[in-house]
Amino acid sequence: MTTTKDDLAHVKSIHLMGVAGTGMGAFAGLLKAAGYDVRGSDQNVYPPMSDRLEAWGIETRTPYGPDNLDPAPDLVVVGNVIRKVNDEATAMRERGLLHRSFPETFGALFLDGRAPVVVAGTHGKTTTSSLLAHAFYAAGKDPGFLVGGIPTNTFDAGDDADCGESFRVGAQTATTPVVVEGDEYDTAYFDKGPKFLHYRPKYLLCTSLEYDHADIYENVEAIEARFTQLFKLVPDDGVIVLRAGQPHLEKALADAGDDVTAAVVRYGSEGEDADAQHTILDENANGIRVAYRHDDVAFEFDLPLYGHHNVDNATGAAAIMLRWGCTPDEVVASFASFKGVKRRMERKGQVGKALVIDDFAHHPTAVDTTLKGAKAAFGERPVWALFEPRSATSCRKVFQDAYANAFGAADRVLLAPPGRQLDPSEALDVPQLAADVTAQGIQADAYENIELMIDAVAQHAPDGVVLLCMSNGAFGGIHQKLLDALEARAGERS
């Protein structure tokens with residue numbers, strides 16, 4: 001049974017378990033901004049989230065324990081990091097405290113009675129949802145949003161702010177767009193379904209569907225089944241916008257059958273079997289010039305991002321905005337002012353002509369498209385790929401062969417050890433991956449630790465190199481360490 005806003009009308013005080021996670025922390029900030037009395041608990045709370053929670057005025061308690069529930073809140077929001085045997089969760093149940101998952105609470109308090117714009121898919125969710133949030137804001141639509149990254153655009157934070165927040169309450173009306181990143185990961189220990197089933201999509205954008213999350217999905221068919229459920233949720237006055245040429249998306253849509261009553265719009269590049277099509281007109285270090293066409297609507301826009309995958313993302317976003325009622329002029333102006341998202345081709349610094357870039361890419365498809373985007377953007381400059389397999393899937397051998405073919409656009413590949421300890425029978429074989437990439441004519445090396453990778457860069461990287469660091473984690477702080485090593489090298493040469 002779906003929780004509604006009326007079901008939680010009495011709630012004023014909220015306690016969040018797992019508050020230091022990226023998503024839960026942002027949700028705590030959103031609740032605080034909406035006027036709730038918010039506190040939270042976690043095993044440990046570290047910067048930068050500890051600093052952000054403090055700035056938002058949110059009390060945090062560590063470690064987990066029954067005393068964190070005193071005084072009793074009106075509602076406990078349970079993050080998916082929490083296990084049933086957690087002492088605090090056990091006390092919560094014993095005391096009969098009202099509790100819900102993060103996605104269910106978000107759906108009830110912020111999506112019920114509004115116009116949710118949900119972005120789902122294996123790749124591109126964060127960039128696409130951030131682009132849509134910015135575009136609706138820049139077009140004056142006063143959107144709400146909750147996205148998985150930190151936008152570089154500042155929104156209400158002022159021009160002096162370093163970056164914006166990953167959340168915004170927005171106007172409280174039935175027609176207000178509320179942009180949310182629809183994750184297919186599980187919801188809570190008491191709800192093993194995907195988060196996006198709580199997000200009530202009226203406008204649904206699906207970027208892709210590939211196998212991922214090997215820790216919870218046995219195969220891609222299991223993910224397809226969840227997308228089938230998602231498609232059925234879109235009302236008949238809504239729209240499903242999906243990337244053309246995605247067989248798993250098409251299978252999920254076909255399986256939904258007559259239960260899908262919403263309009264369906266497919267998008268893709270010129271010549272594909274798609275309703276909304278794009279043509280790339282120019283591509284350089286400043287971004288990409290794109291022509292967009294859908295029926296009798298045609299216009300051009302500038303996208304300050306890299307990579308053809310981001311042109312796909314922007315094409316889908318444009319289709320959503322036009323369907324919502326935005327004008328082509330609003331799309332063009334808002335896209336041109338988008339500054340991107342932290343950890344998505346984010347420039348961390350430059351020493352001489354050497355550039356250090358941080359990116360979240362970790363799935364083989366994302367590694368491949370990110371590298372191709374970097375090569376197209378930086379022309380003749382050598383691009384070195386520094387990769388850390390860290391996610392639950394990337395550390396497993398399920399993508400051993402796919403990774404071997406994902407680094408083709410790199411000029412050199414440096415591989416860090418896996419960020420998780422797994423049984424050798426199921427773990428990614430990084431030395432073998434280095435050998436497989438080298439066999440394709442690209443020098444690749446596996447390193448025992450990150451410090452050895454940095455030494456290799458300091459000793460051998462050419463002056464104009466682009467160091468593209470890819471990981472879904474912190475990568476051991478490699479970005480600043482690379483910049484320091486390059487500075488030291490420059491000092492030795494001067």
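Both backbone and side-chain heavy atoms feed into the values below; hydrogens, waters and symmetry mates do not. Everything quoted here is computed from the prediction, not taken from an experiment.
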Mutual orientation of the aromatic rings belonging to Phe110 and Tyr36 [parallel < 30°, tilted 30-60°, perpendicular > 60°]: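 Geometry flag for Tyr36 against Phe110: perpendicular rings.
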
Nearest 0.5 Å, what's the [atom1]-[atom2] distance between [X] and [Y]?
X	Y	atom1	atom2	value
Leu31	Trp56	CG	CH2	11.0 Å
Leu109	Ile14	CG	CD1	6.0 Å
Glu184	Leu230	CD	CG	10.0 Å
Phe301	Thr315	CZ	OG1	5.0 Å
Lys251	Thr228	NZ	OG1	7.0 Å
Asp255	Glu221	CG	CD	10.5 Å

Where the side chain of [X] meets the backbone of [Y], is there a donor-acceptor pair that is under 3.5 Å apart?
X	Y	value
Arg266	Gly245	no
Asn86	Ala91	no
Arg226	Phe196	no
Ser13	Asp37	no
Ser334	Ala138	no
Arg200	Gly107	yes

Please tell me whether [X] and [Y] have a donor and an acceptor in their side chains that are separated by less than 3.5 angstrom.
X	Y	answer
Tyr267	Asp275	no
Glu104	His198	no
Ser471	Glu388	yes
Thr4	Asp7	yes

Distance-minimising heavy-atom pair for [X] and [Y]:
X	Y	answer
Arg100	Thr105	CB-OG1, 3.3 Å
Ala416	Met453	CB-SD, 3.6 Å
Val38	Lys32	CG2-N, 3.7 Å
Phe335	Met321	CE1-SD, 3.8 Å
Asn310	Leu303	O-CD2, 3.4 Å
Ala262	Gly238	CB-O, 3.6 Å

Residue of the set Trp324, Tyr203, Phe338 for which ring pair (Phe, Tyr, Trp, His ring centres under 6.0 Å) holds with Phe136: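 So the option named by the test is Trp324.
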
Pair Tyr137 + Phe145: ring centers closer than 6.0 Å: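 Centroid separation for Tyr137 and Phe145: 6.0 Å or greater.
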
From Glu88, Glu59, Arg61, residue fulfilling side-chain hydrogen bond (donor to acceptor under 3.5 Å, both in side chains) relative to Ser41: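 Going through Glu88, Glu59, Arg61 one by one, the side-chain hydrogen bond (donor to acceptor under 3.5 Å, both in side chains) with Ser41 is satisfied by Glu88 alone.
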
Side chains of [X] and [Y] in contact at under 4.5 Å (non-hydrogen atoms):
X	Y	answer
Glu210	Thr365	yes
Met92	Val78	yes
Asp70	Arg95	yes
Val260	Val234	no
Asp429	Tyr403	no
Val430	Pro418	yes
Cys469	Leu482	yes
Glu181	Leu146	no

side-chain contact (heavy atoms from CB on, under 4.5 Å) between Asn80 and Lys195, worked out: CA-CA 10 Å; Asn80 71 349; Lys195 295 185 178 79; 3.3 Å; yes

Other residues, nucleotides, ligands: >12 heavy atoms within 6.0 Å of Glu54 CD: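 Atom CD in Glu54 is not packed in, count stays at 12 or less.
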
Over 12 non-hydrogen atoms of neighbours within 6.0 angstrom of CG in Asp401: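 Not more than 12 within 6.0 Å, no.
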
Lys141 vs Glu330, side-chain contact (heavy atoms from CB on, under 4.5 Å): CA-CA, chis, key distance, verdict: CA-CA 11 Å; Lys141 311 306 179 186; Glu330 288 174 329; 3.2 Å; yes

Steps toward side-chain contact (heavy atoms from CB on, under 4.5 Å) verdict (Asn44, Thr62): CA-CA 6 Å; Asn44 295 289; Thr62 59; 5.6 Å; no

Verdict with reasoning, Phe475 to Lys481, per side-chain contact (heavy atoms from CB on, under 4.5 Å): CA-CA 11 Å; Phe475 211 150; Lys481 293 176 181 179; over 6 Å; no

Test log, rule salt bridge (Lys or Arg N to Asp or Glu O under 4.0 Å), inputs Asp186 and Lys192: CA-CA 5 Å; Asp186 62 358; Lys192 304 311 290 184; 2.8 Å; yes

